[in-house]
Amino acid sequence: MKISGSYTLPVAPERAFQILQDPAILAQAMPGCESLEKIGPDEYRMKMKVLLAALSGQFEGKVRIADQAPPTSFRLIVEGSGRIGFLKGDGLLKLLPRYTDYTGPGAEARTSTEVSTLVSYEGDAQVGGTMAAVGQRLIDGTAKMMIKKFFDKLAGLARNLTW
Amino acid sequence: MIAQKFEYTAPKSLDEALHLLASGAKPLAGGMSLIPMMKLRLASPEHLVDLRTIQDLNFIREAGGQLHIGATASHYEIESSALLRQKCPLLTETAAAIGDVQVRNMGTIGGSVAHADPAADYPAALQALEAKFVLKGAKSERTVSAADFFVDAFATALEPGEILSEVIVPIDDARTGTSYQKMVQPASGFAIVGLAARVRVNAGKVSFVRIGVTGLSNHAYRASGAEKTFEGKTSSPANIQAAAALVAQGVDANSDLHASADFRRHLAVVHAARALKTALSRIA
Amino acid sequence: MATTTTKVETFVGKRIRRREDPRLITGTATYVEDIQMPGMHYAVILRSPHAAARIRSIDTKKAESAPGVVCVLLGKETKGVGAVPCGVAMPDLRVPQHTILATDRVYFVGHPVAVVVARDGYLARDAADLIEVDYEVLPAVADPEKALAKGAPAVHPQWPDNIAFTYHQDGGNVDKAFAEADVVVKQRIVSQRLVPMAMETRGVVAEWRNADRQLNLYTSTQIPHLVRTIVAGMLGLEENRTRVIAPEVGGGFGSKLNVYAEEALMGYVSMKIQKPVKWIESRRENFTCTIHGRGHVDFYEIAAKRDGTILGIKLKLIQDVGAYHQLLTPLIPQLSVLMMPGIYNTQNIRADIVGVFTNCVPTDAYRGAGRPEATHGIERMVDMLAAELKMDPAEIRFKNFVAKDKFPYATATGLTYDSGDYAAPLKKALDLVGYAKLRQEQADLRKQGKYMGIGISTYGEICAIGPSPATPAGGWESATVKIEPSGKVTILTGACPHGQGEETTFAQIAADELGVALDDIVVLRGDTAVVQYGIGTFGSRATAVGGTALYYALQDLKAKIKKFGAMLLESEDVTLAGGQVVDNKTGKSKPFQEIAGATYRALKLPPNTEPGLMATRFWEPPNFTFPFGAHIVVTDIDGETGQIRIRRYVAVDDCGNILNPLIVDGQIHGGVAQGLGQALWEQAVYDDNGQLVTGELTDYALPRAHLMPWIESHHTCTPSPVNPLGVKGVGEAGTIGCSPAVVNSVVDALSPLGVRHIDMPLTPEKIWKLLATKNRDVGSRGATK
């Protein structure tokens, strides 16, 4: 399945690049993330609990960051598996400065002259196991929702960061 | 297809159910989505509270100039309600379009709406009806509008510990024409897209129009751009088409093996035009 | 003693309601799942979630210590059990070792990896979740064309080209035919993968009786005797101490014409734990471990003269095998090749099959088994040829039919068609549908920008399978008739009918032959300890072959009854009619029941005659039978949504003599439903990683009752000379005739846009895209731009 989209974060690209690779921040932003620990350079072990309507599933997996070109792009590779199935995602995230008005979370505290970052992502996701076999009707929408939740949370966190 | 072990309680009162929910139980209504998910072990609730045994949740009545539908009213009860057929035919038409006979016998409006499947039928009609949802907690009660109730795929305004107890819809008199038009996904019976329209005409002009859309994106919504375009105009085919053309505007359409995002958007436009046309033809 | 013979009711040819239906429709029939035994245990099978992976390790400790668990078995333990068999022998056939549980590697999603046995099914299922398998995921290939490409992942590492087998057949002189042709039409045609989807999933109860050294195996199968022979062999048991029982079978459609790993596996488990064990396949499992059907990519070429005379047909056929061969996998595309000439008088054919391994569920027989694929291809090609030559699709068919005075007719593929009058059903169907008037209406609708199509398919098929030399396991069938001392009649059929209605039709045959009431007859099937060896029910054979064995057994008994009757009447000239043996001279008679009693009492015996009334016949058919027919489908297409509405469905089928028109109608209806399923809705879709993404009924679209059109079912009757009943078989006709008629209809509707072919299923989106790209006035893209 192809996944693509974009989201505007209320910080400059340099900052956006930084927070997108900060395990502590990612762990807070990823929906259902229970832990994210470093196991190697740019590689993390992740535990996740996905709650979606009545669905609940524990996932364990790895997150890896590669091909970093700060502050404009990097690759994100996610692998996870649990009893209800497994998923693999491999995507390229591109960061572009944006000078237009930002309207997302935290917008009220911003001025229109500040620079924000348009994060656009494009990649492939593979889903397997029960999820793939019975969830086709819902995978696209669910993926979009999870990504949106992630960026919404991230935008809020980014806005409140003091560094 | 064997679920994990779970506890099951069939409370007699709403208070008892709310008490159980506060301790983390999961409400069960018709079970048309939850039970299959449990059998596939996609969902493994430890405790189910069956709402169907609560008499106070099963009703369809008129009060205070509005129609009140209890959460456990089945699709069949709604489809076959003489009261609703007369005073809210959009809802009976929508209920009749759900799934198949077995699903309509078991499934409930409360269960369907609270589950908030992006392709469920009711949400389109309830958006068009500007329905209100009564949410009860152990110590709270609040009423939420359709616009605020449907948040995202499988996400509603319901907070943990709350139960959707009833849905309130307005009375549509004979001057209001309504229609629900749906493209059926042949395997599941869900809507690929579903369009609900309510219209009134005054002195040759469209005086009121509400359009609810389901199936296209992650949650049902009102196509307000299309509504605004149509209001105040004549109900000519060209004006219908112009309004319908806007129902999918700016919407992030979903895609699956049954319909691509492009096709879904196209179907939304086609079914919007059909719903508006049919609704207009039904004005007494 | 009465001397007048009262007119006795006869049954053959009448619309008699099925005697098996009351128990089926009241939910009181006994399926495998309904079998309960003291001490019974339950098995759950853990299956691979990956299409291709190496198994690094399996940790069963937690599962083994879970509540109620008796044992957890892995492939390394069951290595001694024989392989799941491929019953087809052909040169250069590559047969991968198909163990009943995976050992070091898995080859498709659904591959069985471990079995958990517990004292109830819930505990077994819970424990299965506790098994930890460490997989090293490997690249997979799920598409047969991609599997043939260079550099594709090898499904079985020992065969990097993924070729499972090849098969070539030549008839006549194809090169000459194509060289002489005025026109050659070519097309790639896909017959997609389908899931057979019997309403009852598979299930097995195995009961090892240590005291008797006997295994009783209850399994939902179409072929209990073959399962017994093969499973006994796999487990190293004696065949006469292995009893296979097919209780009520809730649909098979070919998917239970097989021997599955779980049948031997449950036998093994029961022997190990010394307790009965039950395994019931879940619907999810059914999608991923019971065979799939079809899975063809066909490249057709048809050569013709300008006047429409077909000169020759070429076919390159890619068969998606899946990860293994099941019982008949390599045979199915060969049936397509046999059927390639259809019912047309062309003596030049060439076919090349390549069977391709993929990381998918194995394919095998599914209703029609090779013949729907062939008919779909040839009927599409004939329509395309007609379009190319600007001929009417009915006219081109009439021009090419094998003439009715040419039978028996030898085909280029080595068959001999038994009897036929191919023009008759097409003429009848054209009349019934009002063809000329419809074409006029179509022309009018086209002027209004509306899409209406008329689709014709004229099919032939190969039924009553079949002469033994043409089959992998014997093509005869058996019947025993026992007349009890009370005159009640018991039929034991070696065919194992499971919903085709033979409990009724066989009773009709016997009732008429013996002159008894239907209620006096019981038809038993499906138990190897009760019924003599038999082959089974598939390939539209139960009545044509098994019914014929029954017919001959009845003749044997009639002769014996007459002998006893003559003795009792002290006459030498008697007739058996209306349940009486009548002395032709005196008119005196003895009722059949009294004679039956006398054969067992045996106070006196006719010369050289044994007591009792029982006869068994094994009948070897001299040929297949070849039913045929014409289906016409009228469709209206919604120009905005691409939705197809079937306005008329006219089916004229010739299945030879009809024993029970009600049952024949039912077979046609069911067959058409499955044909419509393939034409319009069903598809087993694998993603690039070998995940079956239509893995549940929320995404795999089955035909449903409310989606069925009214089927106008009619017949012509050309009796078969192959058997004394004159029957040809009708189990698969509906499916075979249907899909090309539907696709031809939709292509006909869209032909003004230049559409010449659409692959199945004809989803609204496919149609909409054709409408949107070919005709800019229709199918507005809405607000997307």
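Proteins get letters first, then strands, A, B, ... in listed order; numbering begins at 1 in each. All of these numbers come straight from a predicted model, not from anything done at the bench.
In this structure, chain A has a heavy atom under 4.5 Å from the side chain of B:Asp117, while its backbone stays farther away. For B:Pro118, the part sitting under 4.5 Å from any heavy atom of chain A is the side chain, from C-beta outward, and nothing else. Proximity to chain A (any heavy atom under 4.5 Å) is restricted, for B:Ser188, to the side chain, taken from C-beta onward. With a 4.5 angstrom heavy-atom cutoff, B:Leu34 touches chain A only via side-chain atoms. Looking at B:Ala253, only its backbone comes within 4.5 Å of chain A, counting heavy atoms on both sides. Heavy-atom distances place the side chain of A:Leu138, and not its backbone, under 4.5 Å from chain B.
Counting heavy atoms of neighbouring residues, nucleotides and ligands inside a 6.0 Å radius, atom CZ of B:Arg52 exceeds 12 of them. B:Lys5 NZ: 12 or fewer foreign heavy atoms inside a 6.0 Å radius. B:Arg142 CZ: more than 12 foreign heavy atoms inside a 6.0 Å radius. Atom CD of A:Glu43 is surrounded by more than 12 heavy atoms from other residues, nucleotides or ligands within 6.0 Å. Within a 6.0 Å sphere centred on OH of B:Tyr76, heavy atoms belonging to other residues, nucleotides or ligands number 12 at most. Heavy-atom neighbours of B:His47 NE2 from other residues, nucleotides or ligands within 6.0 Å: above the threshold of 12. A 6.0 Å sphere centred on CD of B:Glu46 holds no more than 12 heavy atoms belonging to other residues, nucleotides or ligands.
Classification of A:Lys148 and B:Asp152 as a salt-bridged pair fails, no side-chain N sitting under 4.0 Å from a carboxylate O.
With rounding to the nearest 0.5 angstrom, the CG atom of A:Asp140 is 8.0 Å from the CZ atom of B:Arg264. Note that the NE2 atom of B:His258 and the CZ atom of A:Arg137 stand 8.5 Å from one another [nearest 0.5 Å]. Atom NE2 of residue B:His219 and atom CE of residue A:Met145 lie 11.0 Å apart, to the nearest 0.5 angstrom. The CE atom of A:Met1 sits 12.0 Å away from the CG atom of B:Leu257 when rounded to the nearest 0.5 Å. Atom OG of B:Ser255 is separated from atom CD1 of A:Ile139 by 11.5 Å, given to the nearest 0.5 angstrom.
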Pair A:Thr130, B:Arg41 - check side chain to side chain contact (heavy atoms under 4.5 Å, CB included), show working.
CA-CA 9 Å; A:Thr130 310; B:Arg41 297 200 169 200; over 6 Å; no
Residues B:Leu42, A:Ile84; criterion side chain to side chain contact (heavy atoms under 4.5 Å, CB included); working and verdict
CA-CA 6 Å; B:Leu42 289 170; A:Ile84 65 170; 3.7 Å; yes
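Nearest heavy-atom pair across A:Lys144 and B:Asn254 is NZ-OD1, 3.1 Å.
Using a distance-only test at 3.5 Å, with no hydrogens or angles considered, no donor-acceptor pair links the side chain of B:Asp256 to the main chain of A:Gln136.
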